[in-house]
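What follows is one structure encoded as structure tokens, with my remarks underneath.
Along the sequence shown, residues are numbered consecutively beginning with 1. The model shown is predicted, which means the values in this text are computed figures rather than measured ones. In what follows, every heavy atom counts, from backbone to side chain, and hydrogens, waters and symmetry copies are set aside. In listed order, ligands and their atoms are each counted from 1.
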Amino acid sequence: MKFGIESINFYTPHYYLDLEALAQERGLDPQKYLRGLGQEKMAVPPPDEDVVTMGANAAYRALENIERSSIDTIMFATESSIDQSKAAAIYVHKLLGLPTTCKAFEIKQACCSSTTGLQIAQALVTQNPTQKILLVASDIARYGFNTAGEPSQGAGAIAIVLSAQPCLLAFNGESGSYTEDVMDFWRPNYRDEALVDGKYSIKIYLKALAESWKHYVKESGARFEDFYRFCYHLPFTRMAEKAHTHLAKINKSTLTPTEQYQQVADSLKFNPITGNCYTASLYEGILSLMIESKEDLSEKRVGLFSYGSGCMATFFSGTFLPHYKRWLQGEAHHHMFATRKSLIYREYENFYTHKLPSDGEDYVTAKHETGLFRIAGIKEHKRIYETCPIAPPQRPPLQQTKSITKWP
Ligand code: HMG
């Protein structure tokens with residue numbers, strides 16, 4: 001039985017801050033962000049967007065050609081949760097009009113809970129191959145003004161329909177895991193912004209990659225040479241360079257730096273213009289690879305690395321399916337990126353510092369540009385979501401990015 005992606009869509013807010021503007025404000029050389037991190041723009045959600053609206057917007061598009069009544073379970077992976085008790089999945093379930101028989105829950109372990117969701121989905125589908133699972137991963141990465149992490153902030157959501165009838169990517173069964181109690185990145189309940197030991201987090205990420213790869217090789221018998229492409233969790237684009245050269249070195253690869261770069265390059269087209277989307281980042285990279293690769297990747301194998309600080313990591317793999325390109329919404333994604341609005345620094349500050357009231361006061365949220373769903377306000381401590389009309393897409397091409405890492 002096959003298990004994999006039947007449909008996938010990525011959503012990012014309609015606003016971004018150009019990192020050259022941020023560098024100027026911070027008195028830094030913009031090349032530190034553009035080349036040092038490989039980042040060009042960070043997505044910034046307006047006050048009337050949160051993880052629910054972003055997730056619902058991605059899921060709405062992912063379900064365009066899928067009968068909603070066929071969805072048995074919706075899972076929501078996030079580390080930007082809006083409630084300690086109620087799952088964000090239930091809000092999305094309502095906004096999308098999913099059947100009442102559909103189960104809904106939220107999952108957490110930093111950036112890799114989306115991959116745990118995928119593994120739960122695989123178990124459910126194996127048990128009952130008629131099941132279709134909607135996996136939503138949605139996050140807003142927040143480190144705070146003038147911190148080292150600030151230029152790696154971002155926001156976005158991915159929605160994936162997983163089933164036994166995949167048409168884009170089939171996941172191969174085996175995976176390798178690594179878990180260790182470390183304090184590289186965490187966010188206590190009383191904070192809106194993450195605390196991070198940045199340099200340490202990079203070291204732990206690389207250690208978790210090596211260890212989960214070792215476990216994966218033991219479980220699967222696979223070799224580095226068996227993979228045509230690799231996708232990594234992307235906190236910032238140059239992390240993929242550090243990760244892939246590390247993995248190639250561990251495996252004593254004879255590939256040249258240019259060949260190594262080709263193995264990841266197409267997965268790195270979206271992350272530089274959105275920033276870290278935490279749980280959605282690895283899957284944003286997979287979608288980028290599928291949309292941006294000029295080459296037909298059908299039947300080719302891709303190695304996948306999911307990392308969640310704290311930490312837990314998973315190495316797993318997939319194989320692209322024949323005619324997968326037919327099912328991608330490439331033009332719609334290009335349109336979404338190309339029609340976003342650039343914020344000036346002060347607008348970024350205003351969006352970033354906006355908070356919904358936490359004292360129970362009723363509140364009406366100012367209207368900004370959003371997708372189909374937005375938060376209208378708060379009433380009696382409850383978030384009120386609404387559906388708004390959107391203009392049909394004009395579909396201009398993706399703007400050329402300036403920051404793509406070129407490490408050879
Ligand atoms: P920093 O203080 O900017 O680091 O923090 P830096 O001063 O070392 O500069 C970064 C790079 O820019 C360096 O390159 C510099 O040489 C270069 P490298 O040594 O790495 O090759 N550079 C320049 N390049 C060109 N021109 C210049 C210039 N100046 C400097 N003029 C850091 C960087 C990533 C640590 C920071 O942004 C941070 O803390 N980010 C947040 C944490 C993070 O992303 N960690 C990644 C691994 S953990 C993870 O992925 C999990 C996570 O997603 C959370 C979760 O799981 O939930 C974060």
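Protein heavy atom in closest approach to atom 7 (O) of ligand 1: K32 NZ, 3.2 Å. For atom 47 (C) of ligand 1, the nearest non-hydrogen atom of the protein is S201 OG, 3.4 Å. Ranking protein heavy atoms by distance to atom 4 (O) of ligand 1, first place goes to K199 CE, 3.5 Å. Taking atom 11 (C) of ligand 1 as the reference point, the nearest protein heavy-atom neighbour is G36 O, 3.6 Å. With hydrogens left out, the protein atom closest to atom 10 (C) of ligand 1 is L37 CD2, 4.2 Å, a heavy atom. When only non-hydrogen protein atoms are considered, atom 25 (C) of ligand 1 lies nearest to Q31 O, 3.4 Å. Protein heavy atom in closest approach to atom 53 (O) of ligand 1: H233 NE2, 2.8 Å. For atom 58 (C) of ligand 1, the nearest protein heavy atom (residue, atom name, distance) is Y143 OH, 3.4 Å.
For D29, the CG atom counts as densely surrounded, since its 6.0 Å shell holds more than 12 non-hydrogen atoms of other residues, nucleotides or ligands.
For R238, the heavy-atom gap to ligand 1 drops under 4.0 angstrom.
Salt-bridge formation is not detected for the pair R301/E225: no Lys NZ or Arg NE/NH1/NH2 atom is positioned less than 4.0 Å from an Asp or Glu carboxylate oxygen. Ion pairing between R26 and E150 holds under the 4.0 Å rule for side-chain N and carboxylate O. In this structure, E79 does not pair ionically with R187, as no charged nitrogen and carboxylate oxygen lie closer than 4.0 Å. Using a cutoff of 4.0 Å between basic side-chain nitrogens and carboxylate oxygens, R374 and E49 are not scored as salt-bridged.
Proximity to G198 (heavy-atom distance under 4.0 Å) selects the following atoms of ligand 1: 35 (C), 39 (O). In summary, the atoms of ligand 1 found under 4.0 Å from a heavy atom of A110, numbered by their order in the structure, are 55 (C), 56 (O), 57 (O). Under a 4.0 Å criterion applied to the non-hydrogen atoms of S152, ligand 1 contributes the atoms 40 (N), 41 (C). The distance from ligand 1 to the heavy atoms of D29 drops below 4.0 Å at these ligand atoms: 31 (N). Those atoms of ligand 1 with a heavy atom of G308 less than 4.0 angstrom away are 56 (O).
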For residues 304-311, run the donor-acceptor check on the side chains, cut-off 3.5 Å, and write out each pair with its distance to 0.1 Å, sequence neighbours left out.
{"from": "S306", "atom 1": "OG", "to": "T115", "atom 2": "OG1", "distance (Å)": "2.7"}
{"from": "Y307", "atom 1": "OH", "to": "D184", "atom 2": "OD2", "distance (Å)": "2.6"}
{"from": "S309", "atom 1": "OG", "to": "D184", "atom 2": "OD2", "distance (Å)": "3.0"}

Could you list the donor-acceptor pairs under 3.5 angstrom formed between side-chain atoms of residues 191-199 and any protein atom two or more places apart in sequence or on another chain?
{"from": "R191", "atom 1": "NE", "to": "E193", "atom 2": "O", "distance (Å)": "3.0"}
{"from": "D192", "atom 1": "OD2", "to": "K355", "atom 2": "NZ", "distance (Å)": "2.7"}

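Within the 4.5 Å cutoff, the side chain of S267 has no heavy atoms near those of the R229 side chain.
Proximity of atom 15 (C) of ligand 1 to the protein is not indicated, since no non-hydrogen protein atom lies closer than 4.0 angstrom. Atom 23 (C) of ligand 1 lies below 4.0 Å from at least one non-hydrogen atom of the protein.
Remark: aromatic rings of F337 and Y16 are distant, center separation not under 6.0 Å.
One finds the OG1 atom of T319 at 8.5 Å from the CZ atom of F227 (value rounded to the nearest 0.5 Å).
Evaluated by nearest non-hydrogen atom to atom 37 (O) of ligand 1, the leading choice among S309, A148, S113 is A148. By heavy-atom distance, the residue among K203, E79, R187 lying nearest atom 57 (O) of ligand 1 is E79.
Using cut-offs of 30° and 60° for the angle between ring planes, the F270 and H333 rings count as parallel.
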- Message: side chain to side chain donor-acceptor pair (under 3.5 Å), that's the test. Do Q39 and T237 meet it? Break it down for me.
- Response: CA-CA 6 Å; Q39 295 306 105; T237 307; 2.7 Å; yes
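An N or O contact shorter than 3.5 Å links N276 to ligand 1 by distance.
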